[in-house]
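The sequence lines fix the lettering, A, B, ..., with proteins before strands; numbering per chain opens at 1.
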Amino acid sequence: MNSSTRNMYPLAFLIPAALVYCTFFLFPTSMAFFYSMTWWTLDDWEFIWFENFIQFFQEPSLRIGFRNTLIYAFTTMGGKVVLGLILAVFLCSKIRNKDFLRSIVFFPALLSTIAVGFTFSAMMHPTNGVINKTLALVGIDGPNWLGDAKIALLSVAMTDIWKGVGIATVIFIAGIMAIPTHYYEALKIDGGNAIQSFFHITLPLSRPALNTVVILALIGGLRTFDLVWAMTGGGPGFSTDLLASIVYKQYASGFFGLATAGNVLLFLFVGLIAFPIFKLLNRKEVDL
Amino acid sequence: MSSKQGDVMDQAYQKDSSMPLDTMAEKKKVRKGLFALESIAVLFAIIFFGIPFYFVIINSMKDSAAAAELSLAWPETFQFLANYKEVLMLNDGIVIRAFINSSIITVSSITVIILICSMAGFILSRRQGMAKRLNYVILVGLMIPPTIVPTIWVLQNLGLFKTFPGIISLESALHFSFACLLYTAFVATIPRELDEAALMDGCGPINLFFKIIFPLLKPVTSTVIVLSSIQIYNDFENMLYFFPGAENATVQLTLYNFTGIYGTSYHLLFADVILISIPPLVLFIFFNKKIVDGMTAGAVKG
């Protein structure tokens with residue numbers, strides 16, 4: 001690159017973006033590491049080392065966030081991957097109404113999470129809800145979806161899957177459509193059946209799409225706040241409290257240092273889970 | 001990038017449907033099986049995805065008592081206009097104010113995002129060394145959620161907490177990584193010879209970017225507009241943290257006006273759900289392909 005071309009691409013063009021990104025994202029994020037070790041009231045702070053973190057691990061109402069977040073992230077990810085893949089394979093086959101079905105599956109992704117949360121809490125109402133009334137028609141006594149501490153988290157996760165499976169599906173469709181058709185033709189000539197074509201061609205060759213879905217769904221699941229907030233507010237008890245909702249609750253009660261420690265733990269959690277999986281998935285990618 | 005992908009998809013469709021089948025009998029059998037499969041699929045789609053929509057729409061038109069039953073029954077008395085009017089008139093039109101606030105935030109943030117991210121993407125794409133060094137710094141923005149208290153602290157010290165400039169800058173910062181990566185990838189498809197030709201003709205960097213490069217970035221710009229506007233419009237979390245206050249209502253927060261300790265006014269809640277879902281629905285109808293292409297960008301190449 002000679003000096004005249006260098007002048008064509010001045011670093012000054014990066015300044016506005018750098019200013020906004022650093023001031024409003026990178027700077028507060030790095031300051032979080034410092035303030036997570038303080039007792040903080042915004043006007044004043046006192047350095048207390050790792051006490052906030054210790055409290056986070058000791059108090060059961062805070063510690064439960066790690067377990068719930070893990071369960072939530074992996075359940076929603078699994079649901080989106082499996083259902084998304086099934087729907088995508090189905091929508092790539094020779095059926096009519098393909099576009100209609102794809103649109104109807106995808107549309108919930110564009111809706112407000114809060115609106116979806118309120119709608120599903122109404123449908124999951126233990127006595128009046130549409131779901132339990134339908135189950136009663138076939139003689140099943142439906143559970144208290146959001147009121148039973150054992151299944152409330154899974155009920156929220158199911159709503160998340162309902163809302164997010166459309167994105168997973170369109171990503172898988174793009175991946176499957178990019179597979180050259182001559183692979184399928186070769187398999188057909190060799191007398192392979194549909195199951196073989198799925199496991200030996202579609203699944204391995206849509207690997208990049210799978211990676212994208214896994215990473216997006218995991219990161220989305222780990223940082224979920226709004227759906228839980230709209231549907232259960234963390235309850236009953238603390239059974240659906242995720243890390244993000246715990247952080248918000250601590251902030252709302254004025255424990256700023258503790259909330260910031262929770263934020264730092266949330267980053268580390270996202271980093272420690274998403275990053276190795278990202279590396280692992282990329283290493284296993286199939287070469288064509 | 002996105003339009004190319006669309007072409008590949010179309011071609012695959014065509015190839016797929018023109019594949020010849022061996023015999024007539026087999027064809028018939030396959031057709032029958034497919035028809036059954038299709039019917040089941042449509043039925044499932046209607047049950048799982050249609051019923052929630054039907055439920056919200058039908059209950060938004062019932063009176064207070066009937067909507068509280070949360071049933072799928074057809075309304076005995078229609079209160080369509082009355083319910084929607086009540087939602088819009090509530091608290092001197094807080095919902096209307098929320099629509100105005102959300103529109104201001106969405107439009108301004110997108111303008112800032114497009115401007116700063118296209119400039120950054122252009123430089124990062126042309127200076128590969130720079131892009132490599134900054135790669136992780138940008139990726140962090142995709143993964144990590146914003147911190148609550150430190151961000152409020154920064155906004156407060158700048159005098160921007162609970163103000164429009166504050167929330168607009170923040171939304172721009174949070175959408176920077178995604179838009180910047182899209183722009184960087186797209187600029188790579190514009191030949192460098194174009195820059196050199198412009199240089200020969202005595203074009204400076206500012207003219208080169210705004211008069212030549214930026215117009216060519218239109219496909220990405222429209223993807224960024226559609227995707228970011230849906231995300232910012234639907235944003236609840238950041239509005240709750242960083243834009244609180246009664247006069248700072250935004251659309252997602254208006255839903256909380258109809259729930260409360262004395263019970264939920266379901267007929268009004270659902271009418272509000274419908275009202276705030278109209279903008280994404282309109283975008284979806286007009287930009288369906290753009291949205292899908294934007295969301296699947298990178299899925300094929302990883």
Leu42(A), Leu266(A), Leu101(A): which one forms the most heavy-atom pairs within less than 4.5 Å of chain B?
Leu42(A)
Structural part of Leu142(B) lying under 4.5 Å from a heavy atom of chain A
backbone
Check each atom of Asn128(A) against the heavy atoms of chain B and say whether the ones under 4.5 Å are side chain, backbone, both or neither.
both
Ala274(A) versus chain B, heavy atoms under 4.5 Å apart: side chain, backbone, both or neither?
side chain
Close aromatic pair by centroid cut-off 6.0 Å: Tyr241(B) and Tyr248(A)
yes
Aromatic ring proximity Tyr266(B)/Phe118(A), centre distance under 6.0 Å:
no
Chain B contact via Ile167(A) - which portion, at a heavy-atom distance below 4.5 Å:
side chain
Interface moiety of Ile148(B) toward chain A, non-hydrogen atoms closer than 4.5 Å:
both
Relative to chain B, which segment of Thr23(A) carries a heavy atom at a distance below 4.5 Å: side chain, backbone, both, or neither?
both
Is it true that Trp153(B) and Phe256(A) have ring centroids separated by less than 6.0 Å?
no
Answer with side chain, backbone, both or neither: which region of Ala32(A) has an atom nearer than 4.5 Å to a non-hydrogen atom of chain B?
both
Using a 4.5 angstrom heavy-atom cutoff, name the option from Tyr233(B), Phe122(B), Phe270(B) with the most pairs to chain A.
Phe122(B)
When only pairs under 4.5 Å are counted, which of His125(A), Met123(A), Met31(A), Lys133(A) shares the most heavy-atom pairs with chain B?
Met123(A)
Assert top hit (heavy-atom pairs under 4.5 Å, partner chain A, pool Ile51(B), Thr151(B), Leu253(B), Ile113(B)) equals Thr151(B)
Does any heavy atom of chain B fall under 4.5 Å from the side chain of Leu26(A), the backbone, both, or neither of them?
side chain
Sort Ile230(B) into side chain, backbone, both or neither according to what part of it lies under 4.5 angstrom from a heavy atom of chain A.
side chain
Using the ring pair (Phe, Tyr, Trp, His ring centres under 6.0 Å) rule, take Phe236(B) and Trp229(A) through it: C-alpha gap first, then chi angles, then the decisive distance, then the call.
CA-CA 10 Å; Phe236(B) 167 75; Trp229(A) 199 245; 8.1 Å; no
With a 3.5 Å distance limit and no angle check, can you tell me whether Asn234(B) reaches the backbone of Thr113(A) through a side-chain donor-acceptor pair?
no
Arg223(A) (side chain) donor-acceptor with Pro146(B) (main chain) under 3.5 angstrom:
no
Side chain, backbone, both or neither: which part of Trp162(A) has an atom under 4.5 Å from a heavy atom of chain B?
both
Would you check if the side chain of Tyr35(A) reaches a backbone N or O of Val149(B) as a donor-acceptor pair within less than 3.5 Å?
no
Leu208(B), part contacting chain A, at a heavy-atom distance under 4.5 Å
side chain
Aromatic ring centroids of Phe25(A) and Phe176(B) under 6.0 Å?
no
Region of Cys203(B) in contact with chain A, defined by heavy-atom distances below 4.5 Å:
backbone
Is Ser36(A) close to chain B through its backbone or its side chain, or both, or neither, when contacts mean heavy atoms under 4.5 Å?
neither
Between Val20(A), Ile114(A), Val270(A), which shows the greatest number of heavy-atom pairs under 4.5 Å with chain B?
Ile114(A)
